Amino acid sequence: MLTLALFALLATATAYIWPSPQFEALDEMRFEQPLASFVDPCDLFVFDVDDSRKSGRADSADWIRTAYHDMATHNVKDGTGGLDGSIRFLEEMARPEDAGDGFQNTIDVLAGESNRYVSIADVIALGAVIAVENCGGPEIAFRGGRVDATEPNAPGVPQPQESLDSHIASFARQGFTQTEMIGLVACGHTFGGVQHAPFPDIVPELNDPNSTESVAHFDSSFVNFDNNIATEYISGTTQNPLVVGLNDTTNSDKRIFGSDGNVTMRSFANSPELFASTCAELFAKMIDTVPRGVQLTDVVTPLPVKPIIVRFDLDGDTLRLDGRVRLWNMTQDTAGTVRLFWDDHVGGTNNITLSFDGRFTNSGGRNTGVYYTFSATPPDNSLSIDAAAGITQMRFTVNDKLEDQGGLGFLLQDGVVISTSSCVDFHSNGSIAGGHLDLAVRNTITPTRVFIETEKFDDSGRPTVVEIEVPRPSEAATANATYSIWSVQLNSDQQFNFYTVGAELDGGGKLLGPHQFFDFASC
Ligand code: HEM
Ligand SMILES: *[C@@H]1O[C@H](CO)[C@@H](O)[C@H](O)[C@H]1NC(C)=O
Ligand SMILES: *[C@@H]1O[C@H](CO)[C@@H](O)[C@H](O)[C@H]1NC(C)=O
Ligand SMILES: *[C@@H]1O[C@H](CO)[C@@H](O)[C@H](O)[C@H]1NC(C)=O
Ligand SMILES: *[C@@H]1O[C@H](CO)[C@@H](O)[C@H](O)[C@H]1NC(C)=O
Ligand SMILES: *[C@@H]1O[C@H](CO)[C@@H](O)[C@H](O)[C@H]1NC(C)=O
Ligand SMILES: *[C@@H]1O[C@H](CO)[C@@H](O)[C@H](O)[C@H]1NC(C)=O
Ligand SMILES: *[C@@H]1O[C@H](CO)[C@@H](O)[C@H](O)[C@H]1NC(C)=O
């Protein structure tokens, strides 16, 4: 009880202050889990050709194995390797130690979810977390901030035909003791199995209509996290191909599981709770094994009341705010009436009552919450704010309880916003053919520069930050009384997914708008 209470206290203490683009993005991917649909149901394999023919494979298993193999190049002595997305390089992926197509499958799904706040390596780590949590496993502490490698790491993933001494040495090089090795292998191998195609000497053609890819599974519940990997091993009923394989040379799980006289495996077989809590720690250690010098964030905890800005722009004489607020661990009943209050530049406070906009649940019901849209009149989901009065900060009341981050408010800058006069045209291949982005700069601010921050996927596939300078207009203020327009032409070298507008101010200070989706009228 004491540890639980302490954990709750720590969790509250480390929640971030909004706005924080990196934490907002990590919080969304971690807790709202757009990736969860790939492991729902847990036997889903998106590369299956035909739903009625079971391949015997699952996305969840591929994702967990990928996170381990990406990490397993780590060398605790020199600090090289670790979970850094280097598995995406064909040179690394094609090594015999990385046999099988599970890595390419995983990268194909996960790499595109990365952005400038959540690296490919972060998404790989999250893939493992989400697979485990959504398929019966324990909650795993997740930190962000991994840095994507720009080249392959040195080899070093253990293979089945190696000796026990070699495996102990390999895990020690990765930073894991012998006991941790037994645990981590058991935690991983509660999912998936060995396929015939990459390992024909371990698994024959099975001719099993439920496993068209001839996968010999590690335990009888290969799409769920549970301690069957241990109970079946200890009871002598296991079909694990790395324990009961005909060629003892490749029975690595047998050597590893038995290496302490079965003490660890017996403890897992006797206690599903111990297995789950041990795996939660070992998986967290695995995903936090990163190259030396990489600074991970605090454990990501959900913001209890989280504004999610979808768009914030100037439309004529109106500032238009599209967004919603996420209320963590609440239902429509507990939320009651939800109000948004906003302060303006002229001393006024305004409010509207927000409309229920759906709920979410994932990770076995651990993560639940509701959304309320910034509108009293759906389906119009935008809040119109008089541009001259503007907006400085938001607060909410949820069932009459004030939610303002302990008095800080939810600050929203309106010094520089995108204007709806922006437009863009695309070639049929999706690249930009032309157009311009117009930024409305509030006449009360004196910027030294105005820019658009976006991301570009570099030659190695990494999301990198790109700033596009927006030139100061040659003519004096052209727009409305409140804002003037700075404009930049678009060109075919640019890529946009999400973007943020910003300004650096005379006398110091920087304004950054919310992260918004790139979506404009054609010219
Ligand atoms: C000595 C250490 C290890 C060896 C020799 C080993 C070996 C293997 C082999 C040969 C496969 C079959 C791959 C395929 O057919 O695609 C496999 C699958 C798998 N391994 Fe390991 N493994 C080890 C440790 C780990 C660890 C530490 C984890 C995770 C924590 C892990 C997670 C997985 C998963 C989830 C699969 C199933 C993949 C799928 O079904 O798509 N393994 N392992
Ligand atoms: C295939 O799976 C179905 C449903 O789980 C089961 O009824 C059937 O016996 C399985 N077939 C074989 C050959 O294992
Ligand atoms: C057993 O596996 C090892 C390693 O793959 C191989 O070198 C050896 O030839 C195999 N033995 C038999 C009898 O197939
Ligand atoms: C571990 O347990 C298995 C299954 O009961 C047994 O076959 C094996 O001999 C045991 N190994 C050791 C080292 O006790
Ligand atoms: C300025 O206001 C006028 C009239 O309200 C409107 O038509 C025009 O689009 C606005 N200009 C900009 C740049 O928003
Ligand atoms: C969720 O809210 C309920 C009350 O509505 C509370 O009892 C429970 O402890 C909360 N759970 C978490 C994980 O905060
Ligand atoms: C909310 O705004 C309305 C006017 O739109 C005002 O009458 C009301 O007092 C405000 N509510 C609160 C709690 O300030
Ligand atoms: C897309 O098409 C345009 C016009 O045909 C061409 O100039 C451009 O190079 C193409 N871009 C890519 C990435 O293929």
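Because only heavy atoms are used, hydrogens play no part in the values below, and waters and symmetry mates are left out as well, while side chains stay in. Note that ligands are numbered from 1 as they come in the structure, with each ligand's atoms numbered from 1 the same way. Remember, it's a predicted structure, so these values are computed and weren't measured experimentally.
- Considering only non-hydrogen atoms, atom 8 (C) of ligand 3 lies nearest to Asn247 out of Ile202, Asn247, Thr250, Leu246.
- Geometrically, ligand 4 and Asn262 share a nitrogen or oxygen pair separated by less than 3.5 Å.
- Close contacts between ligand 7 and Phe341 involve ligand atoms 12 (C), 13 (C), 14 (O) [criterion: under 4.0 Å to a heavy atom].
- No side-chain N or O of Tyr372 forms a donor-acceptor pair with one of Gln332 less than 3.5 Å apart.
- Checked against a 6.0 Å centroid threshold, the rings of Trp63 and Phe191 do not count as neighbours.
- Looking from atom 4 (C) of ligand 4 to the surrounding protein, the closest heavy atom is Tyr233 O, 3.2 Å.
- Glu133 places a side-chain N or O within donor-acceptor distance of the main-chain N or O of Ile140, the cut-off being under 3.5 Å.
- Between Arg57 and Asp48 there is no salt bridge, since no side-chain N of the basic residue sits under 4.0 Å from a carboxylate O of the acidic one.
- Nearest-residue assignment for atom 13 (C) of ligand 4 (options Gly258, Ala269, Gly236; heavy-atom criterion): Gly258.
- Closest to atom 1 (C) of ligand 7, if we only count protein heavy atoms, is Asn351 ND2, 1.4 Å.
- Within the 4.0 Å cut-off (strictly below), a protein heavy atom is located near atom 11 (N) of ligand 3.
- The protein non-hydrogen atom at the shortest distance from atom 5 (O) of ligand 4 is Ile234 O, 2.9 Å.
- Both cation-pi conditions hold for Arg324 and Tyr371: the charged atom is under 6.0 angstrom from the six-membered ring centre and inside a 45 degree cone around its axis.
- Ion pairing of Lys54 with Asp43 is present here, as a side-chain N (NZ or NE/NH1/NH2) and a carboxylate O approach within less than 4.0 Å.
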